[in-house]
Amino acid sequence: MHIEGAFLPGIGVHKDISLTSSRRIGVVDRRDGTVDLIVGKPGDPDVAGRILLSASEAALLAALLGAPQLVARPQDDCRDIHAVAIRHVPIHRGSTYDGQRLSQTRMRARAKASIVAVIRAGQVIPSPGPDLVFTTGDVLVIVGTADGVTTAVRILTHG
């Protein structure tokens with residue numbers, strides 16, 4: 001697949017790819033932080049469908065698209081270890097932990113679970129250090145026992 005891009009003066013940047021199914025999909029990354037997700041046909045400049053995403057929605061979508069690749073192998077490798085659970089938890093605007101450091105969660109002590117990675121704007125931050133500051137749109141990858149992961153999700157979503 002080939003990524004095509006174009007600078008759109010006063011608007012932002014357009015990038016798209018042609019898919020094998022005679023479709024193209026792309027994004028317009030706007031200067032105001034919003035993103036248009038677009039669908040069309042290769043070689044046809046008209047857009048068949050468009051979804052406007054906020055910056056945090058775009059970050060979550062990027063994380064969702066990247067997340068399966070991040071955890072596919074660990075889940076395959078751990079499929080016979082029933083005591084291991086893996087969950088993804090987004091940091092939403094207004095969350096207790098938005099703007100807080102990883103160390104402030106005290107996750108291992110409180111939940112017996114670990115935050116093993118952070119997915120930020122589609123990029124994976126593996127083994128984040130205690131000084132990493134969470135931000136709206138981050139998706140935390142949590143590993144632990146089923147009970148530990150459930151507790152971690154409760155802590156991250158309810159404080």
Side-chain angles (χ1 to χ4, degrees), residues 1-5 12-21 24-39 51-159:
M1 280 188 255
H2 177 69
I3 298 173
E4 294 183 25
V13 178
H14 170 247
K15 297 178 191 165
D16 69 15
I17 58 172
S18 293
L19 306 175
T20 56
S21 59
R24 70 178 169 89
I25 188 166
V27 295
V28 175
D29 189 2
R30 295 178 174 272
R31 291 175 53 191
D32 66 2
T34 60
V35 174
D36 290 334
L37 179 62
I38 57 173
V39 179
I51 300 171
L52 179 63
L53 302 172
S54 68
S56 61
E57 290 168 335
L60 285 172
L61 178 60
L64 283 173
L65 292 171
Q69 290 127 8
L70 172 69
V71 297
R73 285 294 303 162
Q75 285 179 337
D76 288 345
D77 292 344
C78 296
R79 69 177 163 256
D80 294 327
I81 305 173
H82 301 291
V84 175
I86 300 172
R87 289 278 301 272
H88 297 90
V89 179
I91 298 292
H92 297 290
R93 186 175 313 283
S95 164
T96 302
Y97 294 101
D98 186 11
Q100 300 295 313
R101 287 183 172 83
L102 183 145
S103 62
Q104 292 172 294
T105 67
R106 298 181 27 246
M107 193 58 62
R108 285 189 196 139
R110 294 171 68 193
K112 307 293 188 265
S114 297
I115 298 169
V116 298
V118 175
I119 305 169
R120 179 174 287 163
Q123 300 297 312
V124 178
I125 302 169
S127 302
D131 291 331
L132 180 87
V133 176
F134 299 135
T135 187
T136 298
D138 284 353
V139 177
L140 312 182
V141 180
I142 303 169
V143 174
T145 65
D147 289 342
V149 169
T150 298
T151 300
V153 170
R154 188 178 72 249
I155 289 168
L156 291 166
T157 55
H158 301 296

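Side chains are part of it too, since the values below use all heavy atoms of this structure and drop only hydrogens, waters and symmetry mates.
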Trainee: Identify every side-chain donor-acceptor pair in residues 122-136 under 3.5 Å, counting partners at least two apart or on other chains, and give the distances.
Mentor:
| unit_1 | atom_1 | unit_2 | atom_2 | d |
| --- | --- | --- | --- | --- |
| Thr136 | OG1 | Asp98 | OD1 | 3.4 |
| Thr136 | OG1 | Asp98 | OD2 | 2.6 |

Trainee: Once rounded to the nearest 0.5 Å, what's the spacing between atom CZ of Arg108 and atom CD1 of Ile115?
Mentor: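 Here the rounded value is 9.0 Å.
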Trainee: Quick one: side-chain contact (heavy atoms from CB on, under 4.5 Å) partners of Ala152, sequence neighbours excluded?
Mentor: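 With neighbours one apart ignored, the set is Met107, Ala111, Ala113, Ile142.
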Trainee: State which residues pass side-chain contact (heavy atoms from CB on, under 4.5 Å) with Asp36; sequence neighbours excluded, sorted by chain then number.
Mentor: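 Checked Asp36 against side-chain contact (heavy atoms from CB on, under 4.5 Å); matches are Val28, Arg30, Ile38, Arg50, Leu52.
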Trainee: Tell me, which pairs form a side-chain hydrogen bond (donor to acceptor under 3.5 Å, both in side chains) where one or both residues lie in residues 147-159, sequence neighbours left out?
Mentor: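 Those involving residues 147-159 do not exist here.
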Trainee: Would you mind listing every salt bridge (charged side-chain N to carboxylate O under 4.0 Å, His left out) that reaches into residues 135-144, with sequence neighbours excluded?
Mentor: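 Applying salt bridge (charged side-chain N to carboxylate O under 4.0 Å, His left out) to every pair that reaches into residues 135-144, excluding sequence neighbours, yields Arg120-Asp138.
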Trainee: Closest heavy-atom contact between Thr105 and Leu102?
Mentor: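 Thr105 and Leu102 have their closest heavy atoms at OG1-O, 2.8 Å.
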Trainee: Scan the side chains in residues 89-97 for donor-acceptor partners under 3.5 Å anywhere in the protein, sequence neighbours excluded, and list what turns up.
Mentor:
| unit_1 | atom_1 | unit_2 | atom_2 | d |
| --- | --- | --- | --- | --- |
| Ser95 | OG | Tyr97 | N | 3.1 |
| Tyr97 | OH | Arg110 | NH1 | 3.0 |

